[in-house]
Every structure is written in structure tokens, then in C-alpha cells.
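Input: a single structure, listed below in C-alpha cells.
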Amino acid sequence: MYQTIVIGGGPSGIMAAISASQNHQRVLLIEKKQGLGRKLKISGGGRCNVTNNLPYDEIIKNIPGNGKFLYSPFSLFDNQSIIRFFESRGLKLKEEDHGRMFPVTDKSQDVLDVLIAELQKQHVEVLENSPVSAITASDNHYTVTLENGKEYEGRTVVIATGGTSVPHTGSTGDGYDFAKVFGHTITDLFPTEVPIRSSEPFIREQTLKGLSLKDVALSVLRKNGKKRITHQMDMLFTHFGISGPAALRCSQFIYKEQQQQKRQDIQMQLDVFPDMNEEEVKQKITKLLKEQPDKIIKNALKGIIETRYLHFILEQAHIDLETTYHHLSVQQINDLAHQFKAFTFTVNGTLPIEKAFVTGGGVSIKEIIPTTMASKLQDGLFLCGEVLDIHGYTGGYNITSALVTGYVAGYYAGQFTYDSIEA
Ligand SMILES: Cc1cc2nc3c(=O)[nH]c(=O)nc-3n(C[C@H](O)[C@H](O)[C@H](O)COP(=O)(O)OP(=O)(O)OC[C@H]3O[C@@H](n4cnc5c(N)ncnc54)[C@H](O)[C@@H]3O)c2cc1C
């Protein structure tokens, strides 16, 4: 009889197994695939953005999917605990922009190695290549059954099976079915942090393909044309639509607007001069043009923004690239400033959930005790990581959530007794 059986060998399950075994409890970690932490290994482009150094409030803001739920688990284990965990075990971390923390070696394998070494140090038994097919609860214990028919018994179980994105890593959504058996609700599942599709002519014709714009403001519009969300970051035009940090952050709101507007086509807006208002942009353009009134417009405005985008926006504003300031009307300059500030285009959705960095939705957090990660519906059952309805932007927030909830789930699963409940 194990004290705790953890299902899922991603960052959340590994951390749960580590913390469950802290007081020499017998812990079993079961992973479907050969090799632990497959998603962790490809995270952060193979560098693993393992956490974020920003203050709590900023971290929570960057976890639009129920980030506030993490305040409670943070009181036991937070982003600083993650940093200490790795650094005290010999893996130094470095901070990059926006508080993002990476191993100094730039290798996700080194993050995984620290976690695996800790599992070994604490004598956690690990089964790989062992998909779990069922969890059943009987009197004061659980039976976990593998696809090959083998059974294991534990006083507590931690479900840490991840979401459904990038399924070749092993995360295929099995945990939702396990949780449902115990009466848990699975909220609507949707792709987040995923590129956005558009069939606008300029995308189909690949006019801007490969063009990346720095520090622009990208917005998702509501039905009434008001902005639902804006993200000011870099973005990239691709052969099917848009990608890059700003687009990834906007992606979940495309899904949400599609649900709300009950249609596929959603409007987005791009502002390439987010730190100026439209009047200031107009003045900037006018000043440049007045200084070189005889130059053709595409040359007079050269350098104001990436050349391909300049030409594209001039076309959107119906301005001949070869014309000069002398032939431009005030209205045309106004239109140009407006296009720079509010180029509006239609998108048709995102790439599917399988291609998403993160799964939105999951086991409802209303049914989880935030201080312990215990199920409110089933004694001795704990859940953590991406299987829960918690999702963050890219920037280290998802692994943070996985490690934090994993630590807390394991901590309480490792010391759980049924006597305490009965008493
Ligand atoms: C390409 C990519 C890059 C990313 N980069 C970052 C990043 O740099 N920073 C960041 O914060 N987040 C990043 N993320 C998100 C982050 O990796 C995940 O949120 C995180 O791995 C979730 O951890 P988890 O342990 O909950 O789930 P997972 O890592 O998905 O692990 C779940 C594990 O459970 C196992 N499992 C599933 N079903 C069963 C079963 N039936 N029996 C046994 N085992 C099972 C799976 O095989 C898997 O190993 C990235 C995601 C992707 C796809």
C-alpha cells in the first residue's frame, strides 16, 4: 500500500511526488510514456521558462484562467520557492525580459534532471511506459489500474495528467475522465496560447508572411467594435494568419468571442504606434512629408515602420506609393494615420487545441480546496497542474502553476489520513 500514487510524470506530477515523499512516505509516480517530463523538455523552445520572477499580482494578472486561485497555494510554495528549489540543487536560473526565468544552461533537460534526481533521492518509485486506465475508490484507499491490467493501491491519489494540447507528449486528457468518475465537472476545453487563422486576402496571398513587428498593440474586438483585450508585444505574420507573443495572448479571446458572438469571424485590430495617439501619428507623418515634399511617399516615410508594412498600409489607405506630398489630401493623411493606429482585419479562429501551448478549461476549481488541492467531492483525491481549469499566458506562468499546485497537492496527499476525516 502506497501512501500516495501520483498519475502523470509532467512537472506537476513530479513535484507532487517529491513533496508527498518528504517524510519518507511510500510514493509511486506513474507515467504513460517512456521518459518523464516530455512536455517540459520541449518547453520554452527547449530552454524551459521554468517560472517568473514578477510579484504575485503580476503573476496572477498573467494567468487569465483563474489565476486568483493560486494565491492560496502560493502561501505554501510560490515562484520564489521554485527558484530556490532549483538553485539550492545546483541549477542556477537567470532572469530575462518580463521576469521570465530560465536555467543558465538554456537546457530544459537540466531542469528535468534536477527533478528526477530529487525523485531518486526521496526513493519515489517510478513506473514509465505505464498508462493508467482507471482509478477506483474503496474503503479508505484507491486502486489504480494500468492498461496492462496491473493494479496498485494507495491511500491517496494525485491526478496530474495535464491537458490535451500537444498529445504526442502523453497529455491526451485522460485525467478529465478520471475526475468525472468522482463527480467532478470539466469546464469547456479550448486552445490557448495558439496561433490565429485568417483567410483575409493579404494572408492568403502571403503579402506579409514572415514579417515580424516589434512592440505593437494587437486587440480582439467585440461585436460592437469595442476592444475586448489588447496585448502590446511582438507579433508575426505567418502563411495562415498571425503568431508571436501578442497573437498567442489574444488567441483565447478569439475562442471566447466566437462563443459569445455565435459566429466564426472575429475582428482584430493592429496599432503599430501604441505609444502615440492618432493625432500624434498624423503630425509625425505630416512633418516627415513636409520635410521632403518632392520625395515619393514610400521613400519619404521609409523607416517609420518596417518597409513591407509601410507599403501594405499605404495600399490599405488607398495611397499610391509613388505619389508625393504635393498630391496628398488632408483626408488621405488622416486615413493613413488611422490605418497605422487601427488596421482592422478578420480572423476565423485558431489552430486546434492539439497545436496549442496550453489547454484552457479543465477540472472546475470550484470543486478543489485551494489551500490543499484536495477534491471537495472525494476524500483522499488531489488534483494539480494543467488538468485543472487554470491557464496562463506564455512567460513561465503555466509551469509555475503546475509546480506550485503539484507541490501543494503532494504535500497534503503525503500526510493525509482517513482518521483525521473520521475524527
Ligand atoms: C511547446 C510547448 C512549450 C511550452 N513552454 C512553456 C514554458 O516555457 N513555460 C511554461 O510555463 N509553460 C510552457 N508550456 C506549458 C507547460 O509545459 C505545461 O503547462 C505544463 O507542462 C503542464 O504540466 P503538467 O505536469 O500539469 O502536465 P504535462 O506536462 O502535460 O504532464 C502530464 C503527464 O501526464 C501523463 N499522463 C497523461 N495521461 C496519463 C495516464 N492515463 N497514465 C499515466 N500518465 C498519464 C502524460 O504522459 C504527461 O507526461 C509549454 C507547452 C508547450 C506545448
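Heavy-atom basis, side chains included; hydrogens, waters and symmetry copies ignored. Remember, it's 1-based here, ligands and their atoms both numbered in the order they're listed.
- A salt bridge between Glu118 and Arg89 is present, with a side-chain N of the basic residue lying under 4.0 Å from a carboxylate O of the acidic one.
- Polar contact with ligand 1: absent for Pro131 (N/O pair, distance under 3.5 Å).
- Nearest protein heavy-atom contact of atom 53 (C) of ligand 1 is Val166 CG2, 3.3 Å.
- Nearest protein neighbour of atom 23 (O) of ligand 1, counting heavy atoms only, is Pro11 CG, 3.4 Å.
- Ion pair Lys107/Asp113 not flagged as a salt bridge, since none of the NZ, NE, NH1 or NH2 atoms sits closer than 4.0 Å to an Asp/Glu carboxylate oxygen.
- Note that NZ of Lys92 is 4.5 Å distant from CD of Glu87, once rounded to the nearest 0.5 Å.
- Checked against a 3.5 angstrom limit, the closest N/O atoms of Glu31 and ligand 1 fall inside it.
- For a threshold of 3.5 Å applied to N or O pairs, the pair formed by Asn398 and ligand 1 contains at least one separation below that value.
- The pair Glu125-Arg26 meets the salt-bridge criterion, with a side-chain N (NZ, NE, NH1 or NH2) lying under 4.0 Å from an Asp/Glu carboxylate O.
- Closest heavy-atom approach to atom 36 (N) of ligand 1 among the candidates Gly45, Ser165, Gly392, Gly170: Gly170.
- Annotation: Tyr142 is not in aromatic contact with Tyr152 [ring centroid separation under 6.0 Å not met].
- Of all the heavy atoms of Asn49, the ones lying under 4.0 Å from any atom of ligand 1 are found in both the backbone and the side chain.
- Checked by atom type, the side-chain pair Gln269/Thr344 shows a donor-acceptor distance below 3.5 Å.
- Looking at atom 25 (O) of ligand 1, its nearest protein heavy atom turns out to be Ser12 N, 2.9 Å.
- When hydrogens are left out, the protein atom nearest atom 16 (C) of ligand 1 is Ile399 CG1, 3.8 Å; that is the closest non-hydrogen contact.
- Both tests do not hold together for Arg228 against Phe253: distance to the six-membered ring centre under 6.0 Å, angle to the ring axis within 45°.
- Contact annotation: Leu40 has no heavy atom less than 4.0 Å from any atom of ligand 1.
- Under the 4.0 Å criterion applied to side-chain N and carboxylate O atoms, Lys298 and Glu315 are not assigned as salt-bridge partners.
- Put simply, the side chain of Thr143 never gets that close to the backbone of Glu153: no donor and acceptor are under 3.5 Å apart.
- In terms of protein heavy-atom proximity, atom 42 (N) of ligand 1 is closest to Val132 N, 2.9 Å.
- From the protein, the heavy atom lying nearest to atom 19 (O) of ligand 1 is Glu386 OE1, 2.5 Å.
- The closest approach between any non-hydrogen atom of Thr169 and ligand 1 is below 4.0 Å.
- Residue Gly44 has at least one nitrogen or oxygen atom sitting less than 3.5 Å from a nitrogen or oxygen atom of ligand 1, judged on distance alone.
- The ligand atoms of ligand 1 that sit less than 4.0 angstrom from a heavy atom of Ile30 are 43 (C), 44 (N).
- Note: Phe190 and His391 meet the aromatic proximity criterion, with ring centroids under 6.0 Å apart.
- Residue contact check: Ala402 has heavy atoms under 4.0 Å from atoms 23 (O) of ligand 1.
- The aromatic rings of Tyr309 and Phe340 sit tilted relative to each other, their planes meeting at an angle between 30° and 60°.
- Taking the centre and axis of the six-membered ring of Phe240, the NZ or CZ atom of Arg197 falls outside the cone set by 45° and 6.0 Å.
- If you check which protein heavy atom lies closest to atom 44 (N) of ligand 1, you get Lys32 N, 3.0 Å.
- Contact between Gly396 and ligand 1 is present, with at least one heavy atom of the residue lying under 4.0 Å from the ligand.
- Under 4.0 Å from ligand 1, the heavy atoms of Phe178 that appear belong solely to its side chain.
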